[in-house]
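A short write-up of the structure that comes next.
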Amino acid sequence: MSDTAPQNSEGERETPQSLRRELERYRLVVRDLQARIKGLEDDLATATTMAEVPSVVVTQPELRNTLARLVNKVAMIVQTEKVMIMLHQPETDCLTVLPPALGVTEEQANQLTVPADEGISGWVFKHGEPVVNNEALNHPLIIKEHAALLRVHNSICVPLAIKQRDEEERLVDERTIGVMHVFNKRHEQDFSDDDVRLLQMLAEQAAAVISNAQVYMQLSEEKEQLQDAFESIHVGVIVVDRNGVVGLVNPAACEMMGIPYQAYDGQPMDEVVPEGEVRRLLSEALSHPEERTTEITLGAEEPHIYQAQTTTMTAQDGEIDNLVAIFYDITEIRRVERMKTHFVSTVSHELRTPLTSIKGFVATLLEDQEGMYDKETQHEFLLIIDEECDRLTRLISDLLNVSRIESGRGLELNLSDVDLQDLVEHVAHSQQGYTRNHELIVEVPEGLGTIRADTDKLVQILDNLISNAVKYSPEGGTVSVIATDEGDSIRIDVTDEGMGIPERHRDRIFERFHQVDDDVDHKGVSGTGIGLYLVQHLAQAHGGRAWLAHSEVGRGSTFSLRLPKDPEAAIASHSEGG
Ligand code: ADP
């Protein structure tokens, strides 16, 4: 070959001139190549400046603006008509268009959702590799309707991959969150491998921006939720650092200390926390940093009891980092506990009293071998025993009902037609049997007829109201039980001439265990504090209610009761209405 002179393309012997021409041609090719490389480098540089796109996007509008800039740059760099990002939605396992897209209307975007394994988008998403389509609708993976909708001539689709790299820029993790499409290369050209490489670079940046934004938005949403929760919790929270500088005081803590709610962070604890129990507690916890729980009482006029828990968080150097003090308002819990303790002791007392009396009379009768007591006296004793047994039965049935209500089982009604006149007279008569210094008057309108009610429960309601009227008028007097026909309902007023109820207790006497225990007159009367609570629940079970209609200390009270004549109809219409 070496002795064969080189020939040009026309087969002529090489002359220095033709060689020069050939060289000139190569020089042009090289220049062109250099220009293209330069162009590519410029493109790459532009693409790299995409890093100037803020990588921390924290709000939805910010993300939208950033993406709008990004898709425009993509269109410019890759020279294409349309640019569209699709994100994977894990809930539906679909790919949906993430606005803003370039050259794609919102209406079109809405029609482009695809299952995560369909079409070119699905393939790219699943395989994590780009697809170039220069065959228009002929591409085997293309979804024809979508391509027609966007008038696609050619396209590239690349994965949106989040790449995690270590310090030496080595890839340590990769996760695909969606895909990026460009459609229709300008000037009717085909897409090239360079375009694919460029687009992949841009897609990596887009993925980073999107995923950062998602993380930030999620974090800020969580932070907002936490802040809301923190502000709305009823538990008081105070955080101070080891130097006694306030980090946080939530609204409940401000209310507890009687200071306005505002941001106190950065201020010295002694300037924020008023002198007293709370400040003492915080100072002590700072100097003796072990976890502790104590009880403190705050507020002079209306004292509140708080259970205070202090915990210190230690830094790596073992020093206290922050002290967190949590305050639970346990006033109500303590009140109920007190009432319960009181209740237990009054109930045992209430049970023991009739039992002692029964035991005493039975023992007396048993011991009377010689017949010291005549028949009349013996009958009297038996009557007392009978009354005391009734008292016990009433009390036990009250207790059982309370426990039913408390356990949420509710009070089942056993409805039947009840002749109100008969029933009221019967209850009043038996109550009259227990007292000599009261006169019980019953007024029921003529022809009231029957109402639907649970007889035993109605007896219990009236028993409680009438026995209270008697009990709380120890001086005696008239106790009237007056029924009124109100059409669909009946009203019963029980009025006594007794001690009345001090104003401060009127709202609470229907509460469980509530007794007027700070009044001399009331204190002397035995009771358990569940009578009116039960009356109210029993009335409500019938679709009715009970209330204190009138009361005057030293003059007496009127308790009223309204019951529908047909509880089932009343309850049904009530639940329809509400
Ligand atoms: P108790 O078993 O203590 O009587 P109740 O629930 O029946 O419990 O009543 C609650 C409180 O309401 C009573 O402790 C009493 O102080 C007050 N009270 C109830 N009925 C009357 C009344 N007719 N007159 C005055 N005070 C009453």
Side-chain angles (χ1 to χ4, degrees), residues 390 393-431 440 442-469 479-495 506-514 528-550 557-578:
D390 284 350
T393 314
R394 267 206 314 274
L395 182 60
I396 289 166
S397 129
D398 279 2
L399 289 172
L400 287 176
N401 275 322
V402 169
S403 98
R404 271 197 85 87
I405 298 168
E406 294 294 290
S407 66
R409 278 176 294 158
L411 298 163
E412 276 162 31
L413 293 189
N414 198 355
L415 295 178
S416 63
D417 292 334
V418 178
D419 186 317
L420 198 68
Q421 175 135 24
D422 276 2
L423 185 121
V424 176
E425 273 172 4
H426 165 76
V427 177
H429 183 72
S430 63
Q431 288 287 340
L440 268 87
V442 173
E443 279 178 30
V444 179
E446 285 285 320
L448 181 62
T450 59
I451 64 162
R452 298 280 296 166
D454 183 317
T455 313
D456 291 343
K457 296 196 167 57
L458 194 48
V459 168
Q460 222 175 338
I461 294 176
L462 291 172
D463 250 342
N464 268 302
L465 290 178
I466 300 173
S467 69
N468 272 355
V479 171
S480 64
V481 186
I482 298 172
T484 316
D485 190 345
E486 292 187 327
D488 283 344
S489 58
I490 53 113
R491 172 174 166 159
I492 299 174
D493 296 306
V494 179
T495 305
R506 289 181 196 159
D507 286 344
R508 311 198 69 176
I509 47 173
F510 283 93
E511 285 175 18
R512 182 181 56 145
F513 309 140
H514 190 87
T528 53
I530 55 170
L532 289 178
Y533 170 77
L534 263 182
V535 165
Q536 187 64 283
H537 276 84
L538 293 167
Q540 282 170 356
H542 279 88
R545 74 180 188 100
W547 70 100
L548 175 64
H550 174 78
S557 315
T558 298
F559 280 88
S560 299
L561 170 75
R562 178 172 290 125
L563 295 178
K565 286 181 180 169
D566 185 353
E568 279 166 334
I571 291 167
S573 75
H574 191 254
S575 55
E576 271 167 30

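Note that the numbering runs from 1 along the sequence shown for the chain. Scope of the values below: all heavy atoms of this structure, side chains included, with no hydrogens, waters or symmetry mates.
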Under the side-chain hydrogen bond (donor to acceptor under 3.5 Å, both in side chains) rule, collect the residues that match up with Arg508, sequence neighbours excluded. Glu511
Going by side-chain hydrogen bond (donor to acceptor under 3.5 Å, both in side chains), name the residues that satisfy it together with Thr558, two or more places apart in sequence or in a different chain. Thr495
Residues which pass side-chain hydrogen bond (donor to acceptor under 3.5 Å, both in side chains) with His514, listed by chain and number, not counting sequence neighbours: His505
Sorted by chain and residue number, the salt bridge (Lys or Arg N to Asp or Glu O under 4.0 Å) partners of Glu446 (sequence neighbours excluded) come out as none
As an exercise, state the distance from CG of Leu462 to CG of Leu538, rounded to the nearest 0.5 Å. 10.5 Å
Salt bridge (charged side-chain N to carboxylate O under 4.0 Å, His left out): which pairs involve residues 415-429, sequence neighbours left out? Asp417-Arg452
Distance-only, no hydrogens or angles: does the Lys565 side chain make a donor-acceptor pair with backbone N or O of Ile490 under 3.5 Å? no
Would Ile451 and Leu458 count as a side chain to side chain contact (heavy atoms under 4.5 Å, CB included) here? Give the steps. CA-CA 11 Å; Ile451 64 162; Leu458 194 48; 4.2 Å; yes
Give me the atom names and distance for the closest heavy-atom approach of Pro567 to Leu415. CG-CD2, 4.0 Å
Quick one: closest heavy-atom pair of Ala546 and Ala539, and the distance? N-CB, 4.1 Å
Can you sort out the partners of Asp566 under side-chain hydrogen bond (donor to acceptor under 3.5 Å, both in side chains), two or more places apart, ordered by chain and number? none
Could you list the residues that satisfy side chain to side chain contact (heavy atoms under 4.5 Å, CB included) with Ser397, not counting sequence neighbours? Asn401, Gln460
What heavy-atom pair brings Ile509 and Leu532 nearest, and what distance separates the two atoms? O-CB, 3.6 Å
By ring-ring contact (aromatic ring centres under 6.0 Å, His included), Phe513 pairs with (sequence neighbours left out) Phe343
Rounded to the nearest 0.5 Å, how far apart are CD1 of Ile492 and CD1 of Ile482? 11.0 Å
If the condition is side chain to side chain contact (heavy atoms under 4.5 Å, CB included), which residues does Ala428 pass it with, not counting sequence neighbours? Leu440, Val442
What are the two closest non-hydrogen atoms of Leu465 and Phe559, and how far apart are they? CD2-CB, 3.8 Å
Applying side chain to side chain contact (heavy atoms under 4.5 Å, CB included) to Asp454 and not counting sequence neighbours gives Leu413, Asn414, Asp456, Lys457, His542
At their closest point, which heavy atom of Ala549 faces which heavy atom of Ser560, and how far apart are they? CB-OG, 3.3 Å
Just so I know, are the side chains of Asp398 and Asn464 near enough to count as touching, which here means a heavy-atom distance under 4.5 Å? yes
How far does CD of Gln421 sit from CD of Glu443, to the nearest 0.5 angstrom? 10.5 Å
When rounded to the nearest 0.5 Å, the distance separating CZ of Arg562 from OG1 of Thr484 is 9.5 Å
CG on Leu411 to CG on Leu534, rounded to 0.5 Å: 7.5 Å
By ring-ring contact (aromatic ring centres under 6.0 Å, His included) - contacts of His429 (at least two apart): none
Test side chain to side chain contact (heavy atoms under 4.5 Å, CB included) applied to Ser403 - qualifying residues, sequence neighbours left out: Arg409
Measure the spacing between OG of Ser557 and CG of Asn468 and express it to the nearest 0.5 Å. 9.5 Å
Grab the two heavy atoms, one from Ile405 and one from Tyr533, that are nearest each other, plus how far apart they are. CG2-OH, 3.5 Å
